[in-house]
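Data block below; observations after.
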Amino acid sequence: MLVEVVATALWAMLPAYVPNNAAVLVGGGRPLDAGRTWRDGRRLLGDGKTWRGTAAGVLAGLALAALLDAGRATVGDLLGVALPGFPPLAAVGLAVGAMAGDLLASFLKRRTGRQRGAAFPLVDQLDFVVAALALVGLLAPGWASTVFTLPVLAVVLVATPALHVGTNAAAYLLGLKDEPY
Ligand code: CTP
Ligand code: MG
């Protein structure tokens, strides 16, 4: 039923949603690429991808997965649906995959001549979901195929860009982000 599909999609993706937001909140400091450039002369990633932001993002995703895992029976009872738990490899796949997707998108932005902070429609909204799903599929294939049924996947792919646009607009209005995307 629809409620179960939507609840499962959002629940299962939460550990992949928070890393980017945590990185924005606590990011800064030394850039991951240490200022290095690619052979096109442009920065590898740029000053927007830092050690602190990346580490905080991964840790936030892992911590949230542990929290959700502990609360899944309670929340599931409240909603009247069976929510998935997060085995360690699933948590790692979602949290690390989400951050890796953001880094890969940044790399692609620099290769296509986009400055730090430039918008890259669709890539900005989906990079972390696609990478998180790919890594969790590699690290925890059994878990991933049980949780991400076709209807759940469809909800994830439709709801994620909307959620992303919404949270980033909110972060922009709160002065946490320089651009609303
Ligand atoms: N951030 C960070 N480390 C990350 C991701 C984000 O420190 N791995 C912080 C940075 O301060 C960054 C801000 O969060 O400026 C916003 O993140 P994002 O929009 O993803 O980066 P941009 O600055 O837009 O850089 P890029 O164009 O490379 O995506
Ligand atoms: Mg940006």
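Note that the numbering runs from 1 along the sequence shown for the chain. Note that the coordinates shown come from a computational prediction; the quantities given were computed from them, not determined experimentally.
Hydrophobic clustering of Ile, Leu, Val, Met, Phe, Trp and Tyr side chains at less than 4.5 Å, counting indirect connections, unites Phe148 with Val155. Follow the hydrophobic side-chain contacts under 4.5 Å out from Val6 and you never reach Leu78; the two are in separate clusters. Residues Val96 and Val130 are members of separate hydrophobic clusters, defined by side-chain heavy-atom contacts under 4.5 angstrom among Ile, Leu, Val, Met, Phe, Trp and Tyr. If you chain together hydrophobic residues whose side chains sit under 4.5 Å apart, Val58 and Leu64 never meet in one group. Hydrophobic clustering (side-chain heavy atoms under 4.5 Å, transitive across Ile, Leu, Val, Met, Phe, Trp, Tyr) keeps Trp51 apart from Val24.
Counting only heavy atoms from C-beta outward, the side chains of Arg42 and Trp38 never approach each other to under 4.5 Å. Residues Thr112 and Phe120 form a side-chain contact, since some pair of their non-hydrogen atoms from C-beta on lies under 4.5 Å apart. The shortest side-chain heavy-atom distance between Asp102 and Lys49 falls under the 4.5 Å cut-off. Looking at Pro19 and Phe128, their side chains never come closer than 4.5 Å, going by heavy atoms from C-beta outward. The side-chain heavy atoms of Val92 and Leu139, taken from C-beta on, include a pair separated by under 4.5 Å. With contacts defined as side-chain heavy-atom distances shorter than 4.5 Å, the pair Leu176/Leu25 qualifies. The side-chain heavy atoms of Leu126 and Pro161, taken from C-beta on, include a pair separated by under 4.5 Å.
Looking at Tyr181, its side chain does come within 3.5 Å of a backbone N or O of Gly117 through a donor-acceptor pair. In this structure a side-chain-to-backbone donor-acceptor pair under 3.5 Å is present from Lys109 to Ala118. Remark: side-chain polar atoms of Thr50 are not paired, donor with acceptor, to backbone N or O of Gly27 under 3.5 angstrom. One N or O on the side chain of Asn168 and one on the backbone of His164 form a donor-acceptor pair closer than 3.5 Å. At least one donor-acceptor pair under 3.5 Å links the side chain of Glu4 to the backbone N or O of Ala82. Without hydrogens or angle criteria, Trp143 side chain to Gly85 main chain gives a donor-acceptor distance under 3.5 Å. Thr37 places no side-chain N or O within 3.5 Å of a backbone atom of Arg43 that could act as its donor or acceptor partner. A donor-acceptor contact shorter than 3.5 Å links the side chain of Asp33 to the backbone of Gly46.
Between Gly101 and Ala131, the closest heavy-atom pair is CA-CB, 3.4 Å. Across Asp127 and Ala105, no two heavy atoms sit closer than the pair OD2-CB, 3.1 Å. Between Trp11 and Leu68, the shortest heavy-atom distance links the atoms CZ2-O, 3.1 Å. Heavy-atom minimum distance, Gly57 versus Ala22: CA-CB, 4.1 Å. Closest non-hydrogen pair, Val165 versus Gln125, comes out as CG2-CG, 4.1 Å. Nearest heavy-atom pair across Ala16 and Ala98 is O-CB, 3.3 Å.
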Exercise for the section: Take Val5 and Thr8, measure what side-chain contact (heavy atoms from CB on, under 4.5 Å) needs, and give me the verdict at the end. Expected result: CA-CA 5 Å; Val5 169; Thr8 302; 6.0 Å; no
Practice task
Please step through side-chain contact (heavy atoms from CB on, under 4.5 Å) for the pair Leu79 and Val3, ending with a clear verdict.
Solution key: CA-CA 9 Å; Leu79 296 176; Val3 175; 5.7 Å; no
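For the salt bridge (charged side-chain N to carboxylate O under 4.0 Å, His left out) test, no residue two or more places apart in sequence or in another chain qualifies with Asp178.
Look at Arg110 and Asp40 and you find no salt bridge, because none of the NZ, NE, NH1 or NH2 atoms lies under 4.0 Å from a carboxylate O.
Considering CZ of Arg72 and CG of Leu83, their distance stands at 8.0 Å, rounded to 0.5 Å. The CG atom of Leu59 sits 11.0 Å away from the CE atom of Met99 when rounded to the nearest 0.5 Å. Leu45 contributes atom CG, which lies 11.5 Å from atom CZ of Arg116 (distance to the nearest 0.5 angstrom). Interatomic distance, Arg114 CZ to Ser106 OG, rounded to the nearest 0.5 Å: 12.0 Å. Annotation: the span from Leu62 atom CG to Phe86 atom CZ amounts to 11.5 Å, rounded to 0.5 Å.
In the displayed structure, Arg30 atom CZ is contacted under 6.0 Å by at most 12 heavy atoms of other residues, nucleotides or ligands. Other residues, nucleotides and ligands contribute at most 12 non-hydrogen atoms within 6.0 Å of the CG atom of Leu150. Around atom CG of Leu122, no more than 12 heavy atoms belonging to other residues, nucleotides or ligands sit under 6.0 Å away.
Partner of Val129 under the side chain to side chain contact (heavy atoms under 4.5 Å, CB included) criterion, chosen from Leu94, Leu153, Thr160, Leu163: Thr160.
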